[in-house]
Amino acid sequence: MCGRYSIYASMDHYLRQLSLDLVVINGYDHEPINRYNVAPSTRVEVIRQIGDELTVDRVKWGWSPLWAKGKRADPINARAETVVTGKFFKGLWPGGRALAPANGWFEWITDPTEPKRKQPYYIKGADGAPLYFAALAEVHQSLEPDERDGFVIITAPADQGLIDIHDRKPLVLTPQTALEWLAPTTSPERAAAIVETGCRQTEDFRWYPVSKAVGNVRNQGAELIRPIR
């Protein structure tokens, strides 16, 4: 996963698609989010469950444990193969499970005849419905952002046609599995099984080339996700 995605509907839209009966305990903006080009280190909405209630927080995309801060840029992704057992994300697993709602994500393909040229592609759900990326987050609720706060998106190996776009993809969950992922009652063993086998299959997605304007983080318009051919 190359580190850009879109989330442009209102948060009500993503919550409604989950068919949630849970109460959201904090306020959130009901207007469209209109983020067509979410970049690393920017703050964006994530969904978490605390007890029987939900919270929606704007959190920085990228996270490091305190002992690793300043040694390199905060990672934005966590590999499914190592996130459960690795040392780096131990502070987030399993209690930091969260969802990063999205409409799609971007990948860049290198031109085989001109290695310096790359064509961006947009990948979204074949049915146009929202996507739910499995994430891990650290959030401290306060008036000001906490330097410890952040989240990472779990990535899995790409399969079938998607391997031609990129060798990794976000761990995209169905709404039903997304609810299970959020629930505090889900055991660590079951959560680990979701990481291993819970990603939606290639046939659930469609992809097409888009404008290279997405390469500039200042560009945010809907034209970034329109096919160019």
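- The side-chain heavy atoms of Ile225 and Tyr8, taken from C-beta on, include a pair separated by under 4.5 Å.
- Under the salt bridge (Lys or Arg N to Asp or Glu O under 4.0 Å) criterion, Arg117 pairs with Glu114, sequence neighbours left out.
- Looking at residues two or more places apart in sequence or on another chain, you find a side-chain contact (heavy atoms from CB on, under 4.5 Å) between Asn37 and Arg4, Val214, Gln220, Leu224.
- Inter-residue side-chain proximity for Asn103 and Lys124 is flagged as unmet; no heavy-atom pair is nearer than 4.5 Å.
- For Arg226, there are no salt bridge (Lys or Arg N to Asp or Glu O under 4.0 Å) partners at least two apart in sequence or on another chain.
- Applying the salt bridge (Lys or Arg N to Asp or Glu O under 4.0 Å) rule to pairs touching residues 177-197 yields Glu180-Arg190, sequence neighbours excluded.
- Proximity of a side-chain donor or acceptor of Thr42 to a complementary backbone N or O of Val38 within less than 3.5 Å is not detected.
- In this structure, Glu147 contributes its side chain and Asp149 its backbone to no donor-acceptor pair below 3.5 Å.
- Although no hydrogens or angles enter the test, the distance criterion places a donor-acceptor pair under 3.5 Å between the side chain of Tyr122 and the main chain of Gly104.
- Using cut-offs of 30° and 60° on the angle between ring planes, the pair Trp61 and Tyr5 is perpendicular.
- Minimum interatomic distance between Glu81 and Thr155 (heavy atoms only, all atoms of both residues): OE1-O, 4.3 Å.
- Side chain of Asn26 to backbone of Val56: a donor-acceptor contact under 3.5 angstrom is found.
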Between side-chain atoms of residues 125-136 and protein atoms elsewhere (two or more places apart, or another chain), which donor-acceptor pairs fall under 3.5 Å?
| residue | atom | partner | partner atom | Å |
| --- | --- | --- | --- | --- |
| Asp127 | OD1 | Ala129 | N | 3.0 |
| Tyr132 | OH | Tyr14 | O | 2.7 |

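- The list of salt bridge (Lys or Arg N to Asp or Glu O under 4.0 Å) pairs with a residue in residues 85-103, not counting sequence neighbours, is empty.
- Counting non-hydrogen atoms of neighbouring residues, nucleotides and ligands closer than 6.0 angstrom, the CG atom of Asp52 reaches no more than 12 such neighbours.
- A donor-acceptor contact shorter than 3.5 Å is absent between the side chain of Arg200 and the backbone of Val172.
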